[in-house]
2 protein chains.
Amino acid sequence: MSKSQLTLTPVETVACCSPLVREPLSAERAERVTPLLKALADPVRLRLVSIVAASEGGEACVCDLNDAFDLSQPTISHHLKVLHDAGLLDRTKRGVWVYYGVRRDVLADVAALIGGGA
Amino acid sequence: MSKSQLTLTPVETVACCSPLVREPLSAERAERVTPLLKALADPVRLRLVSIVAASEGGEACVCDLNDAFDLSQPTISHHLKVLHDAGLLDRTKRGVWVYYGVRRDVLADVAALIGGGA
DNA sequence: CCCTTATATCGACATCTGTCAATATCGACC
DNA sequence: GGTCGATATTGACAGATGTCGATATAAGGG
């Protein structure tokens with residue numbers, strides 16, 4: 001690990017340490033991991049991740065995602081941005097379309113943090 | 001399962017189904033699971049769960065939890081209530097003290113939902 | 001009984017968040 | 001270059017959330 005502990009991103013932080021139940025989480029680690037959980041803690045975003053993850057190749061076009069919800073296009077775009085900024089979704093532009101792909105490794109790290117001691 | 005799907009609690013819902021990445025989460029399931037993630041998606045509550053879970057016997061006294069934070073006692077009490085209401089922590093009163101214990105099974109179910117396909 | 005100690009509830013407040021309509025940007029195609 | 005379709009950004013607003021101080025409740029000890 002070349003980066004200083006002080007500059008770890010949420011994704012790096014959640015990947016680096018023992019699960020919740022092993023030893024108390026430090027305040028700094030908790031602060032850095034929380035954005036990932038906040039990103040998942042919304043019904044629309046949870047479904048977005050799920051739809052993307054369950055799609056072939058683990059990615060889906062925004063046009064399809066918009067159709068899956070009864071929400072405005074800007075709202076979906078906003079939620080996708082939140083998930084992307086958190087590091088949970090990759091973004092790829094192909095022609096006019098944008099595809100979001102799930103970071104399964106990050107999901108797995110989050111899961112390991114929460115349930116790693118069970 | 002004796003209860004109707006319509007009355008499932010968050011804890012029951014998260015325990016019952018396939019992970020995010022297997023098949024798209026329905027809107028109703030997403031709505032029912034989200035409270036659990038919201039409960040975890042706060043740095044103070046994440047640390048509370050961690051401290052409780054890492055304690056001997058998987059439970060800790062509120063008095064100790066208060067001391068671990070630079071926050072007012074009502075604030076900690078509020079966060080513990082959120083975690084308890086979500087079904088993540090058990091509450092036991094022993095004499096004057098209240099002990100909160102972690103529901104490892106629920107944590108495991110949440111983890112399985114998020115990372116179950118990795 | 002009263003007092004003390006532990007925990008919860010209430011009311012208030014500032015901040016954060018989800019949503020939309022309007023608008024901007026970016027690519028492709030004519 | 002102009003237009004059109006796909007996605008992002010902006011600004012506004014209502015409602016949710018985290019925090020506190022003050023107060024309530026509950027249990028034990030004198």
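A, B, ... follow the sequence lines: proteins, then strands. Residue 1 opens every chain. What you are looking at is a predicted structure, and each value in this text was computed from that prediction instead of being measured.
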Please, which pairs that meet side chain to side chain donor-acceptor pair (under 3.5 Å) have at least one residue in residues 48-65 of chain A, sequence neighbours excluded?
A:E59-A:R94
Value in whole Å for how far the P atom of C:dC20 lies from NE2 of A:H78
11 Å
How close do A:L107 and B:V21 get, counting heavy atoms only, and between which atoms?
CD1-CG1, 4.0 Å
Residues two or more places apart in sequence or in another chain: which of them pass side chain to side chain contact (heavy atoms under 4.5 Å, CB included) with A:A54?
B:P24
Taking the side chain as C-beta and beyond, is there a heavy-atom pair between A:Y100 and A:V49 under 4.5 Å?
no
Does A:Y99 have A:R91 sitting over its ring (NZ/CZ under 6.0 Å from centre, angle to axis within 45°)?
no
Measure the shortest side-chain to side-chain distance between A:R22 and A:P19 over non-hydrogen atoms and say whether it is less than 4.5 angstrom.
yes
Applying side chain to side chain contact (heavy atoms under 4.5 Å, CB included) to B:E31 and not counting sequence neighbours gives A:P43
Pairwise N/O distances under 3.5 Å, protein to nucleotides 2-7 of chain C:
residue	atom	partner	partner atom	Å
C:dT7	OP1	B:V98	N	3.2
C:dT7	OP2	B:C63	N	3.0

Could you check whether atom CG of A:D67 has more than 12 heavy atoms from other residues, nucleotides or ligands sitting under 6.0 Å from it?
yes
Here the residues of residues 50-60 of chain B within 4.0 Å heavy-atom distance, strictly under, of DNA chain C are none
Taking the side chain as everything from C-beta on, heavy atoms only, tell me whether B:T92 gets closer than 4.5 Å to B:V98.
no
Correct closest heavy-atom pair for B:L88 and B:A39 would be CD1-CB, 3.9 Å
Hits for side chain to side chain donor-acceptor pair (under 3.5 Å) against A:D90, two or more places apart or cross-chain, chain-then-number order -> none
Protein-nucleotide distance (A:L71, atom CG; C:dC20, atom C1'), rounded to Å:
10 Å
Could you tell me the separation between the NE2 atom of B:H79 and the P atom of C:dT9, rounded to a whole number of Å?
15 Å
Check: residues 74-82 of chain A side-chain donor-acceptor pairs under 3.5 Å, at least two apart:
residue	atom	partner	partner atom	Å
A:T75	OG1	A:S72	OG	2.9
A:H79	ND1	A:R45	NH1	3.1
A:K81	NZ	A:D85	OD2	3.2

Nucleotide C:dC20, atom C1' - distance to CD1 of A:I76 in whole Å:
12 Å
Under 4.0 Å from any atom of DNA chain D, heavy atoms only: list the residues of residues 34-49 of chain B that qualify, in numerical order.
B:K38, B:D42, B:R45
Go through DNA chain D in 5' to 3' direction and return only the first and the last nucleotide with some atom under 4.0 Å of chain B's heavy atoms.
D:dT17 to D:dG28
CA sep, side-chain torsions, deciding dist, call: B:L37, B:I114, side-chain contact (heavy atoms from CB on, under 4.5 Å):
CA-CA 10 Å; B:L37 291 170; B:I114 293 175; 3.7 Å; yes
Phosphate OP1/OP2 of C:dG18: any A:T75 side-chain N/O under 4.0 Å:
no
